[in-house]
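Computation of the quantities below employed the complete heavy-atom set of this structure, encompassing side-chain atoms and omitting hydrogens, waters and symmetry-equivalent molecules.
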Amino acid sequence: MDAKANAPAPALHLAQDPEADGLLSRSRLAALVGMLLDQQVPMEWAFKGPATIAQRMGTDDLDAHEIAARDPEAFAALLSEKPAVHRYPGSMAKRIQQLCQYLVEHYDGDAEGVWRDAGSGAELLGRLQELPGFGKQKAQIFLALLGKQLGVTPKGWREAAGAYGEPAAFRSVADITGPESLAKVRAHKQELKAAAKAAKADGSR
């Protein structure tokens, strides 16, 4: 018997909420949707989104086929209910459906199919970048999350993930394992914002 098959799913702590993190830990689609939502809102808000969506759909998991087949207006309304899943629930609803439609079309709705047989980090990065809503940076961060916390480590994954793949980088959600590491990642992001603001001020003088 394959011992790996019986191993418990790695526990993620990205939403800092037991129920939301429980879904992220057992559902790779939820993790992808959380990563998609992780822009222009606090990280915890983004990664709590998949659990909120599942709850409003009356289920304890997310299904790519079901989301892809939903009426777009109804799905947008579901994300817009108070409290909204995202600052821009309408546009994010469209992106989530596009992601799920892509997964259905290319991977039969199985999120893990994106990386299950990837032969190298570079190949996996390319597959992630092909997902709707995933640019290079988002793809690299998710690749780093896969490698650091979810046991997906094709050859060259750290190199493909760039700076996000470095050990203990604390640059992104890939390094968040609890409140302490969340604080470090948040501090890093604030430093980047401050540096960008300063550079902009210098450039306008």
Side-chain angles (χ1 to χ4, degrees), residues 4 7-51 53 61-62 64 86 92 95-96 99-100 102-103 107 110-189 192:
K4 194 173 180 182
L12 296 177
H13 301 280
L14 308 180
Q16 304 292 300
D17 174 272
E19 187 179 338
D21 283 328
L23 177 59
L24 294 171
S25 299
R26 68 178 184 271
S27 167
R28 297 298 168 255
L29 175 58
L32 273 177
V33 170
M35 190 73 240
L36 185 64
L37 290 168
D38 186 22
Q39 57 190 63
Q40 298 177 297
V41 296
M43 291 173 282
E44 308 98 296
W45 183 3
F47 283 95
K48 194 174 179 180
I53 293 168
D61 202 351
L62 295 182
H86 193 274
M92 280 301 171
R95 287 189 182 189
I96 290 170
L99 171 65
C100 289
Y102 183 90
L103 291 173
Y107 299 101
D110 179 14
E112 288 191 57
V114 177
W115 52 84
R116 185 176 291 117
D117 62 350
S120 68
E123 181 184 352
L124 177 49
L125 179 64
R127 291 185 186 185
L128 289 168
Q129 284 185 257
E130 288 171 358
L131 298 176
F134 277 68
K136 183 176 182 181
Q137 183 185 44
K138 195 176 284 287
Q140 285 187 312
I141 291 172
F142 195 79
L143 174 51
L145 177 67
L146 287 171
K148 290 180 175 183
Q149 298 199 46
L150 297 175
V152 180
T153 55
K155 186 176 181 182
W157 72 269
R158 286 191 187 275
E159 292 78 4
Y164 302 108
E166 295 170 7
F170 298 111
R171 295 174 183 270
S172 71
V173 297
D175 291 292
I176 294 174
T177 54
E180 189 180 333
S181 49
L182 171 64
K184 289 181 181 179
V185 171
R186 180 159 286 133
H188 174 75
K189 287 178 177 284
L192 291 180

Inset, instruction - Would you name the heavy atoms of Ala163 and Ala169 that are closest together and state the gap between them? - result: O-CB, 3.7 Å
Legend entry - Backbone N/O of Leu146 and side chain of Gln149: donor-acceptor pair under 3.5 Å: no
Legend entry - From Glu123 atom CD to Leu128 atom CG, the distance as rounded to the nearest 0.5 Å: 11.0 Å
Legend entry - Residue pair Tyr107 / Glu112, side-chain donor-acceptor N/O under 3.5 Å: no
Legend entry - Over 12 non-hydrogen atoms of neighbours within 6.0 angstrom of NZ in Lys155: no
Legend entry - side chain to side chain contact (heavy atoms under 4.5 Å, CB included), paired with Leu14, selected from Thr177, Leu145, Leu182, Asp38: Leu145
Legend entry - Non-hydrogen atoms of Pro132 and Leu36 that approach each other most closely: O-CD1, 3.8 Å
Legend entry - Euclidean distance, Leu99 CG relative to Met35 CE, rounded to 0.5 Å: 12.0 Å
Inset, instruction - Kindly compute the distance separating CG (Leu24) from CD (Glu19), expressed to the nearest 0.5 Å. - result: 11.0 Å
Legend entry - Sub-4.5 Å side-chain heavy-atom contact between Val33 and Ser27: no
Inset, instruction - With rounding to the nearest 0.5 Å, note down the distance linking CZ in Arg158 to OG1 in Thr153. - result: 9.5 Å
Inset, instruction - Would you check if the side chain of His86 reaches a backbone N or O of Gln40 as a donor-acceptor pair within less than 3.5 Å? - result: no
Legend entry - Least distance between heavy atoms, Val41 atom then Ala46 atom: CG2-CB, 3.9 Å
Inset, instruction - Grab the two heavy atoms, one from Pro154 and one from Ala118, that are nearest each other, plus how far apart they are. - result: CB-O, 3.8 Å
Inset, instruction - Nearest 0.5 Å please: distance from the CZ atom of Arg26 over to the CG atom of Asp21. - result: 11.0 Å
Inset, instruction - List the atom of Ala51, the atom of Ala20, and the distance in Å for their closest heavy-atom pair. - result: CB-CA, 3.7 Å
Inset, instruction - Please confirm whether the backbone N or O of Leu12 pairs with a side-chain atom of Ser25, one donor and one acceptor, at under 3.5 Å? - result: yes
Legend entry - Val114 vs Arg28 side-chain heavy atoms within contact, under 4.5 Å: no
Legend entry - Minimum heavy-atom distance between Ala122 and Ala160, given as atom pair plus value: N-CB, 3.8 Å
Legend entry - CH2-CZ distance between Trp115 and Phe142, expressed to the nearest 0.5 angstrom: 4.5 Å
Inset, instruction - Using side-chain hydrogen bond (donor to acceptor under 3.5 Å, both in side chains) as the criterion, point out the one residue from Arg171, Lys148, Gln140, Gln137 that pairs with Tyr164. - result: Gln137
